[in-house]
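FYI, the numbering just counts along the sequence from 1. Quick caveat, the model's predicted, so the values are computed rather than measured. Atom set for the values below is all heavy atoms of this structure, side chains included, hydrogens, waters and symmetry mates excluded.
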Amino acid sequence: MLKDIKNDFNSLKNPEKAKKLAGFFKTGKGEYGYGDNFLGIIVPEQRKLAKKYPNLSLEDLQELLSSNIHEYRLTSLFILISKYKKADSEKEKIFNFYLKNTKNINNWDLVDLSAPNIVGHYLFEKDRKILYKLAKSDNLWEKRIAVLSTFYFIKYNQFDDSLKISEILLKDEHDLIHKAVGWMLREIGKRNLSIEEEFLKKYYKQMPRTMLRYAIEKFPEAKRQFYLKK
């Protein structure tokens, strides 16, 4: 089955599209996606492959996740999420499998797709201390997993972990963390503006500019300017 899906990947590859994706996902030397390779397969086609091969084993998914080919990893995560949603007794096993593979979930689309749906869902009624460990990691993607996992909690009006992790990441230097934190603050504001503004009024003067802009993106212009004139 693993050979079959690889053959399907090969039949769908598009070198011209692959070049564009390599640029979009910053794969140049010194950039965050360095070493990531693309086949040039669009996401809808990858979703179709995930539906075609829902029964790939965790061992097979491990091989795909360990690849430097981006589409292999993304499609494997589509399959893993589907397995997680259908699983009853194996949710913990899939959650642990995910955490063992954080080094392979190493671009923003991979994190954003999977972290809320696996990590956030699994931890919803459990101890969430692992998120704080990830937030304090030296690994960019583990930090993004930490904050994006809380998106699941936000959807149920649970904001505390998002806010605490945002505090931990306030001084992070990476643009992708600034965007992720600002995005989660904006999502909180959609549900409870006063809670978002309480956080902003405490920290907006020290927040990185990108983080602040993401957080206040939906504010009326006058209020945006209030926060931007720090």
Steps toward side-chain contact (heavy atoms from CB on, under 4.5 Å) verdict (Q158, R128): CA-CA 12 Å; Q158 293 187 15; R128 301 170 185 177; 2.7 Å; yes
query: Does the side chain of I5 reach to within under 4.5 Å of the side chain of D60, using non-hydrogen atoms?
result: no
field: NZ (K126) with more than 12 external heavy atoms under 6.0 Å
entry: yes
field: Distance under 6.0 Å and angle within 45° of ring axis: K155 vs F151
entry: yes
task: Flag the pair K26 and D36 as a salt bridge only when some basic side-chain nitrogen lies within less than 4.0 angstrom of an acidic carboxylate oxygen.
output: no
query: Below 4.0 angstrom, N of the basic side chain to O of the carboxylate: do K190 and E187 qualify?
result: yes
Geometric class of the Y84/Y122 ring pair [parallel <30°, tilted 30-60°, perpendicular >60°]: perpendicular
- prompt: Does any N or O in the side chain of K86 come within less than 3.5 Å of the main-chain N or O of S82, such that one atom is a donor and the other an acceptor?
  reply: no
message: Which label fits F38 and H70: parallel for a plane angle under 30°, tilted from 30 to 60°, or perpendicular past 60°?
response: parallel
- request: Answer whether the closest heavy-atom distance between the side chains of Y152 and N117 falls below 4.5 Å.
  value: no
S166 and L185, any side-chain heavy atoms less than 4.5 Å apart: yes
message: Checking the side chain of R73 only, and the main-chain atoms of S67 only, is there a donor and an acceptor separated by less than 3.5 Å?
response: yes
